[in-house]
Amino acid sequence: MKKATERNDCKVIIMRLPNFFGPNVTNALIKPIFEEAIHNKPIKWLMNAAIPHQFAFTPDISKYFHRLTLETDLPNFFLVNYSGITVSSIKNLGEKISVIQGNPKKVKVAPKFLLHLIALFDPEVRELKENFYQFENSILLVDDSLKNRYPEINETTLETALKITLDWYENK
């Protein structure tokens with residue numbers, strides 16, 4: 001693709017994202033968090049719930065991506081990071097969800113050996129297995145260039161984003 005942009009055959013915008021969530025996001029990582037939360041069950045997470053993690057709320061992603069598509073001065077190949085919202089830990093995220101839902105929740109962490117075993121039979125877990133590194137160590141994107149380019153964009157607070165997502169899961 002990059003070679004095609006160098007020949008002026010096309011233009012490409014690549015936005016690197018952390019794990020994303022929001023209405024209509026039902027992937028194997030996000031769906032269990034919100035489905036368990038609305039049923040007053042412990043939130044499920046992979047391997048390490050005590051490290052910082054980033055999440056991007058899909059309506060916020062769309063604001064930035066839309067603005068980028070309107071730009072006329074971008075190079076043919078444009079790569080940018082979007083960090084979204086950083087939580088200090090998944091345990092902290094669970095606490096925030098508990099406050100919104102009005103009931104205490106725990107975070108259940110799946111050990112790596114168990115995930116390897118489940119991946120043998122479950123294609124969604126097999127897909128997640130390729131990204132286990134994201135759950136053992138923090139990978140934090142820096143998005144200063146994007147946010148400096150569009151300082152007028154107001155992002156959704158974590159609490160509001162969680163409430164919108166929980167409401168969607170309850171009413172889908």
Remaining members of hydrophobic cluster (4.5 Å side-chain criterion), [X]:
| X | result |
| --- | --- |
| V99 | none |
| V12 | M1, I14, F77, L79 |
| L141 | none |

How long is the span from the [atom1] atom in [X] to the [atom2] atom in [Y], to the nearest 0.5 Å?
| X | Y | atom1 | atom2 | value |
| --- | --- | --- | --- | --- |
| N81 | L17 | CG | CG | 9.0 Å |
| D143 | M15 | CG | CE | 9.5 Å |
| I97 | L93 | CD1 | CG | 4.0 Å |

For this session: If a pair satisfies salt bridge (Lys or Arg N to Asp or Glu O under 4.0 Å) and one of its residues is in residues 8-18, list it, with sequence neighbours excluded.
Result: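 Residue pairs with at least one partner in residues 8-18: R7-D9.
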For this session: Output every pair passing salt bridge (Lys or Arg N to Asp or Glu O under 4.0 Å) with a member in residues 79-97, not counting sequence neighbours, ordered by first then second residue.
Result: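 For residues 79-97: K96-E159.
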Would you say that [X] contacts [Y] through its side chain, given a criterion of any heavy-atom pair below 4.5 Å between the two side chains?
| X | Y | answer |
| --- | --- | --- |
| V80 | L68 | yes |
| I153 | R67 | yes |
| F57 | L158 | no |
| P52 | S88 | no |
| R149 | E71 | yes |
| I90 | I33 | no |
| K172 | D167 | no |
| I38 | W168 | no |

Exercise. Mind checking whether F21 and F34 have parallel, tilted or perpendicular rings, split at 30° and 60°?
Worked result: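 Rings of F21 and F34: parallel, as their planes differ by under 30°.
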For this session: Name all residues meeting the side-chain contact (heavy atoms from CB on, under 4.5 Å) criterion together with H66; count only those two or more places apart in sequence or in a different chain, and write none if there are none.
Result: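 Testing H66 for side-chain contact (heavy atoms from CB on, under 4.5 Å), a comparison that skips the adjacent residues, returns T69, L70.
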Problem set entry | Set of side-chain contact (heavy atoms from CB on, under 4.5 Å) partners for E155, sequence neighbours left out |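 Residues passing side-chain contact (heavy atoms from CB on, under 4.5 Å) with E155: D60, Y64, Y82, K147.
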For this session: Report the C-alpha distance between E35 and K41 in whole Å, list the side-chain angles of each, state the deciding distance to 0.1 Å, and finish with yes or no for side chain to side chain contact (heavy atoms under 4.5 Å, CB included).
Result: CA-CA 8 Å; E35 293 244 323; K41 294 181 181 177; over 6 Å; no
Residues which pass side-chain hydrogen bond (donor to acceptor under 3.5 Å, both in side chains) with [X], listed by chain and number, not counting sequence neighbours:
| X | result |
| --- | --- |
| T58 | none |
| N19 | H53 |
| T157 | T160 |

Problem set entry | Audit row: T86, F55, side chain to side chain contact (heavy atoms under 4.5 Å, CB included) steps and yes/no | CA-CA 6 Å; T86 303; F55 293 95; over 6 Å; no
Problem set entry | Backbone of V142 reached by a side-chain donor or acceptor of S83 within 3.5 Å |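 No; judged by distance alone, with no hydrogens or angles, the pair does not exist.
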For this session: Mark yes or no for whether D122, through its side chain, and I118, through its backbone, hold a donor-acceptor pair below 3.5 Å.
Result: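 Such a contact is absent between D122 side chain and I118 backbone.
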For this session: Could you verify whether a donor N or O on one side chain and an acceptor N or O on the other, from N76 and T5, lie under 3.5 Å apart?
Result: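 No pair is found: no donor N or O on one side chain lies under 3.5 Å from an acceptor on the other.
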Problem set entry | Minimum heavy-atom distance A37-L166, with the two atoms named |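 Answer, listing the atom of A37 first, then L166: CB-CD2, 3.9 Å.
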Exercise. Looking only at heavy atoms, what is the nearest atom pair of A161 and T156, with distance?
Worked result: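 What the structure gives for the nearest pair is N-CG2, 3.6 Å.
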For this session: Verify the neighbour count for atom NZ of K63: are there more than 12 heavy atoms of other residues, nucleotides or ligands below 6.0 Å?
Result: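 Count over threshold, so yes.
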Give the table of side-chain donor-acceptor pairs shorter than 3.5 Å for residues 22-32, with sequence neighbours excluded, one pair per line with atom names and distance.
unit_1, atom_1, unit_2, atom_2, d
N27, OD1, L29, N, 3.0
N27, OD1, I30, N, 2.8

Problem set entry | ring pair (Phe, Tyr, Trp, His ring centres under 6.0 Å): pairs with one or both residues in residues 139-160, sequence neighbours excluded |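 Residue pairs with at least one partner in residues 139-160: there are none.
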For this session: For side chain to side chain contact (heavy atoms under 4.5 Å, CB included), just list the numbers for H39 and E170, CA-CA rounded to whole Å, side-chain angles, deciding distance to a tenth of an Å, and then say yes or no.
Result: CA-CA 9 Å; H39 294 105; E170 285 178 341; over 6 Å; no
For this session: Treating Ile, Leu, Val, Met, Phe, Trp and Tyr as nodes and any side-chain heavy-atom pair under 4.5 angstrom as an edge, say whether I85 and I51 lie in one connected cluster.
Result: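 No, no single cluster joins them.
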